[in-house]
Amino acid sequence: MGHSSRQLPPFPRPLGIFSPFIARQSETLTIKEKVVSLSGNSFDITLANGQPIFKVKGESLTLSNRMNVMDMGGNLLFCIRKKHLTIHTTYYAENPNGEEIFEVRSKFKLIGSKFIGHFTSASGQQEELIMEGDFTDTSAEIKDEASGQAVASIYRDRWNAREFLGGQQTYNVAIAPNVDMAIIVAMCICLDMKNNEGSSA
């Protein structure tokens with residue numbers, strides 16, 4: 001279990017939209033996927049100590065394959081949808097008022113995946129996060145584009161064959177202090193949605 005407590009240096013300022021979910025210290029989230037065929041996939045997301053922090057429920061019967069991200073009080077934080085008729089695969093997050101608050105765009109790479117996330121921080125600053133890695137091997141890094149500093153790292157115990165064969169994935173995500181855990185979760189879900197599209201194509 002020692003590998004599940006990676007530490008990333010603090011980001012120099014708060015980075016994100018949801019102030020209550022800004023990591024106060026180095027955090028590791030566990031994202032556990034539950035595959036439910038008709039209603040869509042869902043995820044349970046916990047802190048390293050097992051405390052639940054987010055719930056994600058999918059709606060696969062909607063045209064844009066919506067994923068609803070909620071806090072543990074059942075309050076909707078945002079929903080993630082796929083944009084149609086775009087050159088690059090693009091996902092976006094809407095808040096409960098229907099306003100777009102976040103966009104994640106896929107860029108083609110011969111090996112692995114590259115995603116670019118755009119949003120405006122609570123401070124009003126425009127942010128760009130770059131996520132690169134091989135998600136089939138389930139390792140990826142999310143960096144702040146401007147500084148090049150890593151803000152999150154995604155990894156999985158690749159020997160978890162029983163879960164893999166069952167179609168259920170469990171990922172660990174190390175998040176740097178001062179970084180919005182909800183935004184990092186959104187990027188992970190976009191990557192998972194893209195992966196699932198690729199495998200069902």
Between [X] and [Y], what is the shortest heavy-atom contact and its length?
{"X": "G117", "Y": "M187", "answer": "N-CE, 3.9 Å"}
{"X": "I31", "Y": "V173", "answer": "CD1-CG2, 3.7 Å"}
{"X": "M67", "Y": "F43", "answer": "CE-CE1, 3.2 Å"}
{"X": "F119", "Y": "G16", "answer": "CE1-CA, 3.7 Å"}
{"X": "G148", "Y": "K143", "answer": "O-CD, 3.6 Å"}
{"X": "P9", "Y": "A176", "answer": "O-CB, 3.3 Å"}

Can you find a heavy atom in the side chain of [X] that is under 4.5 Å from one in the side chain of [Y]?
{"X": "M131", "Y": "E141", "answer": "no"}
{"X": "I154", "Y": "N172", "answer": "no"}
{"X": "L77", "Y": "M70", "answer": "no"}
{"X": "I175", "Y": "L29", "answer": "yes"}
{"X": "S147", "Y": "F11", "answer": "yes"}
{"X": "L129", "Y": "E145", "answer": "no"}
{"X": "D180", "Y": "I17", "answer": "yes"}
{"X": "L47", "Y": "T28", "answer": "no"}

Test item: E33 side-chain N/O and Y171 main-chain N/O as donor-acceptor pair under 3.5 Å: no
N/O donor-acceptor pair under 3.5 Å between D71 side chain and G73 backbone: yes
Verify the cluster assignment for [X] and [Y]: are they in a single hydrophobic cluster under the rule of side-chain heavy atoms below 4.5 Å apart?
{"X": "L8", "Y": "V179", "answer": "no"}
{"X": "I116", "Y": "V151", "answer": "no"}
{"X": "M181", "Y": "V56", "answer": "yes"}

So, taking the atom named [atom1] in [X] and the one named [atom2] in [Y], what distance separates them when rounded to the nearest 0.5 Å?
{"X": "I80", "Y": "C190", "atom1": "CD1", "atom2": "SG", "answer": "4.5 Å"}
{"X": "I183", "Y": "I22", "atom1": "CD1", "atom2": "CD1", "answer": "9.0 Å"}
{"X": "T90", "Y": "K82", "atom1": "OG1", "atom2": "NZ", "answer": "9.0 Å"}
{"X": "S42", "Y": "N68", "atom1": "OG", "atom2": "CG", "answer": "11.0 Å"}
{"X": "K55", "Y": "T46", "atom1": "NZ", "atom2": "OG1", "answer": "11.0 Å"}
{"X": "D144", "Y": "R13", "atom1": "CG", "atom2": "CZ", "answer": "6.0 Å"}

Option from E127, Q126, Q125 for which side chain to side chain donor-acceptor pair (under 3.5 Å) with T120 holds: Q126
side-chain contact (heavy atoms from CB on, under 4.5 Å) assessment of F21 paired with I53: CA-CA 9 Å; F21 296 108; I53 184 167; 4.1 Å; yes
Audit row: L76, V69, side-chain contact (heavy atoms from CB on, under 4.5 Å) steps and yes/no: CA-CA 6 Å; L76 179 67; V69 180; 5.7 Å; no
Option passing salt bridge (charged side-chain N to carboxylate O under 4.0 Å, His left out) with R81 (candidates E103, E100, E94): E94
Parallel, tilted or perpendicular: rings of F115 and Y91 (30°, 60°): parallel
Test side-chain contact (heavy atoms from CB on, under 4.5 Å) applied to I130 and I142, step by step: CA-CA 6 Å; I130 308 289; I142 302 175; over 6 Å; no
